[in-house]
Number of protein chains: 4
Amino acid sequence: MRRTKEEAGITRKQLLEAAVRVFSEKGYAATRLSDIGEEAGVTRGAIYWHFGNKKELFAALFKERVDPFFKFIKEILNEDFGPLDKIQKILTVFFERFRCDRDFLANQHLDFIEMKIRNEVPEIRTFMKEREDKFYEILVDVVNAGIELGEIRKDVDPDAVTSMLATLIAGYAFLLAGNEASSLFKGKGKEMVEIFITGIRA
Amino acid sequence: MRRTKEEAGITRKQLLEAAVRVFSEKGYAATRLSDIGEEAGVTRGAIYWHFGNKKELFAALFKERVDPFFKFIKEILNEDFGPLDKIQKILTVFFERFRCDRDFLANQHLDFIEMKIRNEVPEIRTFMKEREDKFYEILVDVVNAGIELGEIRKDVDPDAVTSMLATLIAGYAFLLAGNEASSLFKGKGKEMVEIFITGIRA
Amino acid sequence: MRRTKEEAGITRKQLLEAAVRVFSEKGYAATRLSDIGEEAGVTRGAIYWHFGNKKELFAALFKERVDPFFKFIKEILNEDFGPLDKIQKILTVFFERFRCDRDFLANQHLDFIEMKIRNEVPEIRTFMKEREDKFYEILVDVVNAGIELGEIRKDVDPDAVTSMLATLIAGYAFLLAGNEASSLFKGKGKEMVEIFITGIRA
Amino acid sequence: MRRTKEEAGITRKQLLEAAVRVFSEKGYAATRLSDIGEEAGVTRGAIYWHFGNKKELFAALFKERVDPFFKFIKEILNEDFGPLDKIQKILTVFFERFRCDRDFLANQHLDFIEMKIRNEVPEIRTFMKEREDKFYEILVDVVNAGIELGEIRKDVDPDAVTSMLATLIAGYAFLLAGNEASSLFKGKGKEMVEIFITGIRA
DNA sequence: TATGAATGAGCATTCATTCAT
DNA sequence: CATGAATGAATGCTCATTCAT
């Protein structure tokens with residue numbers, strides 16, 4: 001039993017880390033709190049102390065994980081690249097990180113898989129909606145800038161670009177996270193980015 | 001209670017139809033057999049009579065639904081189009097059908113969501129592997145034909161094309177099936193296809 | 001489906017034969033009607049046609065099997081032996097038959113195992129009570145005759161002899177029917193009879 | 001709800017006590033865990049906490065009950081009696097205890113009734129086999145000693161003696177535990193022992 | 001803080017039983 | 001006579017949750 005504040009913080013962190021892994025591997029419904037407890041080296045009781053219940057634990061995951069995620073994207077967008085390079089960079093970095101950072105992938109996978117839960121917990125819903133809306137606006141601006149700068153084809157629908165980004169990221173995280181993916185899917189992150197960029201380049 | 005063979009067939013069909021809907025809406029683990037039973041207008045017992053258990057019911061879904069799905073693709077590939085048009089057609093038709101045919105979407109959604117289950121039931125695993133492998137080979141041939149005919153860029157990796165197809169289809173089905181999708185995702189099926197095709201066209 | 005009376009009789013007989021085997025192997029509660037059906041080569045429905053329900057099937061077993069069993073004993077008792085020989089013969093024949101006739105053993109095993117059921121079905125209860133009472137009276141007479149004839153010790157309690165018979169038969173059937181019996185139990189039917197007879201001989 | 005270790009031990013003990021009673025009364029298959037729970041004053045959940053599942057509960061019964069049982073026999077065999085007296089004592093004490101100690105009877109009844117289960121749970125199987133083998137060896141030694149000392153007839157097969165012991169104990173426990181025993185069976189423990197001893201005495 | 005013990009609602013599954021054919 | 005289809009009550013088991021310690 002951890003007695004100091006510091007130690008309690010460690011338990012909390014371990015629980016969250018265990019939770020992403022287990023949730024993303026099994027999905028929300030099939031995940032047992034005991035699994036998470038075991039993976040974190042504590043009993044289920046600790047989860048209740050730190051998070052209240054299963055749903056809250058799941059919600060906490062988002063609040064803690066999504067923020068750095070969006071910060072990460074913002075950093076890319078703030079760097080001194082042209083619009084097209086920004087878009088390319090975002091996708092490339094996503095794909096790259098999916099491949100290397102199992103936790104990052106798990107998190108994203110979770111994000112897409114558990115939309116149902118997200119809709120059930122208003123807290124998550126609002127939380128995610130806000131950031132995505134903001135992200136959407138920034139991205140559309142980037143695309144429009146790209147068009148104005150002549151980097152992107154004039155006849156490209158900015159919404160198609162954001163949709164394509166969302167679709168590719170969702171699909172990639174999905175296929176990559178599935179233990180044994182479809183035969184069609186061979187990774188090919190860089191090549192796919194290239195195709196996409198070629199598809200919108202002026 | 002249905003007593004004739006014919007009527008039993010109806011019950012079976014209704015169970016399967018109910019099952020796609022419920023499974024794809026709730027996911028495998030969160031689906032209760034009673035939900036499916038109620039939706040089909042029979043008791044849980046009927047499920048056991050027809051399918052044996054939950055897993056087998058799920059497996060039966062695949063065996064019955066995936067076949068027409070692949071037939072559908074084959075038909076497109078057999079038509080008298082050029083390679084690029086075939087690829088475009090496949091994606092277009094998929095996206096279109098996802099939008100209009102709720103059951104088709106649900107089915108595909110299921111397919112992607114429940115890879116875990118798929119891996120647990122060897123029957124499904126083998127079943128799917130075979131068809132996907134075949135599909136993959138045909139597609140690669142199409143891409144290579146496209147390259148030779150000068151319709152597709154020479155420097156395009158055929159595997160990148162199949163991966164892109166898989167990714168787009170998975171992502172699209174996914175985002176569309178999520179009750180309240182990401183802000184980034186605005187549908188835009190046709191536009192996305194156009195970007196993709198432009199990305200690989202010679 | 002059997003259509004003639006004769007064929008129906010065959011089904012009935014097969015069901016009863018299957019029933020003794022399965023009941024005696026698994027016990028009443030653990031026996032599924034489908035087991036019996038399969039062993040008899042028909043579906044459960046046939047059981048309901050012939051016997052009404054599980055309990056009735058079980059009851060029918062007794063009525064059909066116990067009669068010949070008591071007849072068999074009576075025959076021994078009616079033969080022209082001395083009292084001691086009669087007692088010896090009964091035990092010997094029982095043990096012998098237990099060893100050789102698997103169905104006979106199963107039947108007896110059942111008889112002892114399922115006293116609970118017997119008590120639940122008044123029909124069986126009365127039925128068995130009557131025969132056993134009669135058997136008891138005859139046996140006590142035999143023992144008394146033996147005492148009077150000086151074949152059996154005067155200080156032997158006739159009830160102890162009948163109890164011993166019952167105990168040995170029950171115990172023997174029991175230990176023999178248990179798949180892997182106690183290490184103590186090595187069969188030894190004849191030897192046990194000899195010990196018993198020596199124990200009561202004048 | 002019991003919260004301390006001590007109290008948990010009480011719950012466990014009560015569950016075991018309830019379990020012997022219910023199992024031996026209804027048999028393994030017909031016993032519902034809720035019966036045991038109710039009899040012990042807890043919910044079924046507590047059974048799963050303490051024992052894992054039904055089979056394990058049953059197995060636990062053996063491991064906890066059989067040991068004292070064999071100790072009890074050993075004590076008799078270690079006392080300062082002659083071989084014949086030891087054998088007589090064992091039977092006498094068994095019969096006596098069966099009559100007075102309902103739990104002891106129930107336990108023994110269980111032991112004989114559920115050989116099937118015993119064979120299904122390897123743990124129990126090995127466990128019992130070992131003790132019975134040891135018991136058998138000791139008993140055979142006692143019989144041989146009796147023969148050498150001239151207390152027991154030279155022509156008596158030691159295995160017949162152990163078999164008789166097993167048969168009598170099994171049969172007696174059986175007939176006594178059956179709610180309404182056979183008409184033949186009138187108890188008569190002491191008298192039966194006397195007959196047996198007379199049967200083997202030199 | 002965290003654990004151990006226990007609860008209870010919910011779920012998959014089994015199985016005797018029904019009954020139209 | 002017998003089957004196939006379906007029902008429904010019962011039962012073992014899982015798991016989120018509670019709470020005294």
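Note on naming: letters A, B, ... go to the chains in the order of the sequence lines (proteins, then strands), and numbering restarts at 1 for each one.
Side-chain nitrogen and oxygen atoms of B/Thr11 include at least one within less than 4.0 Å of the OP1 or OP2 phosphate oxygen of F/dA6. In this model, the phosphate group of E/dA2 is approached by a side-chain N or O of A/His50 to a distance below 4.0 Å at OP1 or OP2.
The distance between the ring centers of C/Phe127 and C/Phe62 does not fall below 6.0 angstrom. Note: D/Phe174 and C/Phe174 meet the aromatic proximity criterion, with ring centroids under 6.0 Å apart.
Taking atom CD1 on B/Ile36 and atom C1' on F/dT7, their separation rounds to 18 Å, with Å as the unit. One can place CZ of D/Phe58 at 19 Å from C1' of F/dC13, the figure rounded to the nearest angstrom. Note: CD1 (A/Ile10) to C1' (E/dA2) measures 15 Å, nearest angstrom. In this structure, B/Leu15 places its CG atom 13 Å from C1' of F/dT7, rounding to the nearest Å. One can place NZ of C/Lys26 at 13 Å from P of E/dT14, the figure rounded to the nearest angstrom. The distance from atom CZ of D/Phe23 to atom P of F/dT11 is 13 Å, rounded to the nearest whole Å. Rounded to an integer number of Å, the gap from CD1 of A/Ile47 to P of E/dT3 is 10 Å. For the pair C/Glu56 CD and E/dA16 P, the interatomic distance rounds to 15 Å; values are reported in whole Å.
Between D/Asn53 and A/Thr31, it is D/Asn53 whose nearest contact on DNA chain F lies nearer the 5' terminus. Residues D/Gly41 and B/Arg32 each lie close to DNA chain E; by heavy-atom proximity, the contact nearer the 5' end of the strand is made by D/Gly41. Position along DNA chain E of the nearest nucleotide to D/Trp49 versus B/Tyr48 favours D/Trp49 as the more 5'-ward residue.
Here the nucleotide nearest the side chain of C/Leu33, chosen from F/dT7, F/dC13, E/dA16, is E/dA16. Nearest to the side chain of A/Ala46, among E/dA16, F/dT3, E/dA2, sits E/dA2. In this structure, the nucleotide among E/dT17, E/dA2, F/dC13 sitting nearest to the side chain of C/Lys54 is E/dT17. Taking every side-chain heavy atom of C/Thr43 into account, F/dT3 is the closest of E/dC15, F/dT3, E/dT17.
Between A/Arg12 and the options A/Glu17, A/Glu64, A/His50, a side-chain hydrogen bond (donor to acceptor under 3.5 Å, both in side chains) holds for only A/Glu64.
For E/dT3, the paired base is F/dA20 (Watson-Crick or G-U wobble, both distances below 3.5 Å). For F/dC15, the paired base is E/dG8 (Watson-Crick or G-U wobble, both distances below 3.5 Å).
Judged by distance alone with a 3.5 Å cut-off, no donor-acceptor contact links the side chain of D/Arg44 to the base of E/dT7.
Taking the side chain as every heavy atom from C-beta outward, D/Arg65 and D/Leu16 approach each other to under 4.5 Å.
From B/Lys54, atom NZ reaches atom CZ of B/Phe23 across 6.0 Å, with rounding to the nearest 0.5 Å.
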